[in-house]
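Scroll down for the structure; my scribbles are underneath it.
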Amino acid sequence: MTVGRILKTAGSAVLAVVVLLALVLLTMRLGWWNPSYESVKAAQATAPSTFERIGTANLHIRDEGPRDGPVVVMLHSSMTNLREWDGWTDALKDKYRVIRFDWPPYGLSTDSAPSTGMPGVVALLEQLMEKKGVTRFALVGTSSGATSRRSTLRSIRRRSRRWRSRPCR
């Protein structure tokens, strides 16, 4: 076998692998490998999960701990969901009421209206707290959840004195 023939065969093999990988990535991007929403919901939306309608959104929520305890609201980062806070929730829920939710389009929450970005997340959080009758709470977030936290606190301070919250330092 000549060097030219070996290189030609190797080049064909590399091309075949590249084409195969491209096809696999394409099918993944098209969602062909994804589990159905219903199967994920059946596996992940176990107790104490609830779903509540806030405007056009159907929010997946977990509200745990004593109802009369201090409230901690946990906001997840983008590309994750409320399960990001499972460990912290387990550690806090004996003494604190821990509220966390998936903001659309992440996790199991859905919204029939197009995303309105950060203002939409802030409005959703404010509406959820109002619906739950919560006016005093600590707000915790990671990554984009922290950005939402900051935007929410700014919005609350600007618009109303009925919300009481202090920044952590």
Side-chain angles (χ1 to χ4, degrees), residues 24-25 27-157 163-169:
V24 167
L25 290 174
T27 60
M28 289 172 75
R29 182 71 179 130
L30 291 172
W32 292 2
W33 297 38
N34 294 350
S36 71
Y37 173 82
E38 291 306 321
S39 68
V40 173
K41 186 176 177 182
Q44 299 293 322
T46 56
S49 287
T50 61
F51 288 83
E52 294 184 32
R53 174 75 58 192
I54 304 287
T56 58
N58 188 32
L59 296 183
H60 174 219
I61 301 168
R62 288 198 173 173
D63 186 347
E64 302 173 73
R67 291 297 174 255
D68 60 343
V71 178
V72 178
V73 178
M74 297 180 160
L75 303 173
H76 64 78
S77 59
S78 57
M79 307 308 274
T80 62
N81 59 44
L82 60 74
R83 301 293 305 268
E84 175 181 40
W85 294 106
D86 283 354
W88 281 102
T89 299
D90 289 341
L92 295 172
K93 69 183 179 184
D94 289 339
K95 294 181 183 174
Y96 297 90
R97 179 179 180 187
V98 180
I99 300 172
R100 51 201 171 124
F101 67 100
D102 292 334
W103 63 46
Y106 307 112
L108 296 173
S109 292
T110 58
D111 194 342
S112 60
S115 173
T116 55
M118 195 58 63
V121 173
V122 170
L124 237 129
L125 176 59
E126 290 176 350
Q127 290 171 37
L128 178 61
M129 292 301 96
E130 192 167 312
K131 184 174 183 178
K132 291 197 166 288
V134 174
T135 58
R136 185 178 173 100
F137 54 92
L139 200 51
V140 181
T142 60
S143 190
S144 58
T147 304
S148 299
R149 174 195 172 277
R150 178 174 226 148
S151 297
T152 300
L153 291 176
R154 244 188 248 129
S155 172
I156 288 170
R157 286 192 184 117
W163 300 87
R164 294 185 298 165
S165 182
R166 284 181 292 183
C168 298
R169 297 194 197 267

Assess the residue pair Leu125 and Leu139 against the criterion (side chain to side chain contact (heavy atoms under 4.5 Å, CB included)); give the C-alpha distance rounded to whole Å, side-chain angles, the decisive distance to 0.1 Å, and a yes or no. CA-CA 10 Å; Leu125 176 59; Leu139 200 51; 3.8 Å; yes
For the pair Thr110 and Tyr37, evaluate side chain to side chain contact (heavy atoms under 4.5 Å, CB included) and give the outcome as yes or no after the intermediate values. CA-CA 11 Å; Thr110 58; Tyr37 173 82; 4.2 Å; yes
Take Lys132 and Ile61, measure what side chain to side chain contact (heavy atoms under 4.5 Å, CB included) needs, and give me the verdict at the end. CA-CA 11 Å; Lys132 291 197 166 288; Ile61 301 168; 4.1 Å; yes
Test side chain to side chain contact (heavy atoms under 4.5 Å, CB included) on Val98 and Trp85; report intermediate values, then the result. CA-CA 10 Å; Val98 180; Trp85 294 106; over 6 Å; no
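Residues Thr89 and Arg100 bring a donor and an acceptor atom of their side chains to less than 3.5 Å of each other. Ser109 and Trp103 form no side-chain donor-acceptor contact under 3.5 Å, judged by distance and modelled atom types alone.
Atom NZ of Lys131 sits in a crowded spot, with more than 12 heavy atoms from other residues, nucleotides or ligands closer than 6.0 Å. Within a 6.0 Å radius of CZ in Arg53, other residues, nucleotides and ligands contribute more than 12 heavy atoms.
Side-chain atoms of Asp63 never come within 3.5 Å of backbone atoms of Ile99 as a donor-acceptor pair (strictly under, hydrogens ignored). Panel note: side chain Arg136, backbone Val134; no donor-acceptor pair is recorded below 3.5 Å. In this structure, the side chain of Tyr96 does not engage the main chain of Gly69 through any donor-acceptor pair within 3.5 Å.
Arg83 places a side-chain heavy atom less than 4.5 Å from the side chain of Arg62. Proximity of Gln44 to Ser49: side-chain heavy atoms (C-beta onward) are nowhere separated by under 4.5 Å. Considering only heavy atoms from C-beta on, Val24 comes within 4.5 Å of Trp33 through its side chain.
For the residue pair Lys93 and Pro66, the shortest heavy atom distance occurs at O-CD, 3.3 Å. Among all heavy-atom pairs drawn from Asp102 and Gly107, the shortest one is OD2-CA, 3.4 Å. Minimum heavy-atom separation, Thr80 to Tyr106: O-CB, 3.2 Å. Taking all atoms of both residues into account, the shortest heavy-atom contact from Leu128 to Phe101 is CD2-CD2, 3.6 Å. When all heavy atoms are compared, the tightest approach of Pro70 to Lys95 is CD-O, 3.5 Å.
The CG atom of Asp86 sits 8.0 Å away from atom CD of Glu64, with the distance rounded to the nearest 0.5 Å.
For the pair Lys41 and Phe51, the distance from NZ or CZ to the six-membered ring centre is under 6.0 Å and the angle to the ring normal is within 45 degrees.
Test Leu108, Asp111, Leu82, Leu124 against Leu59 for side-chain contact (heavy atoms from CB on, under 4.5 Å) and you get one pass: Leu124.
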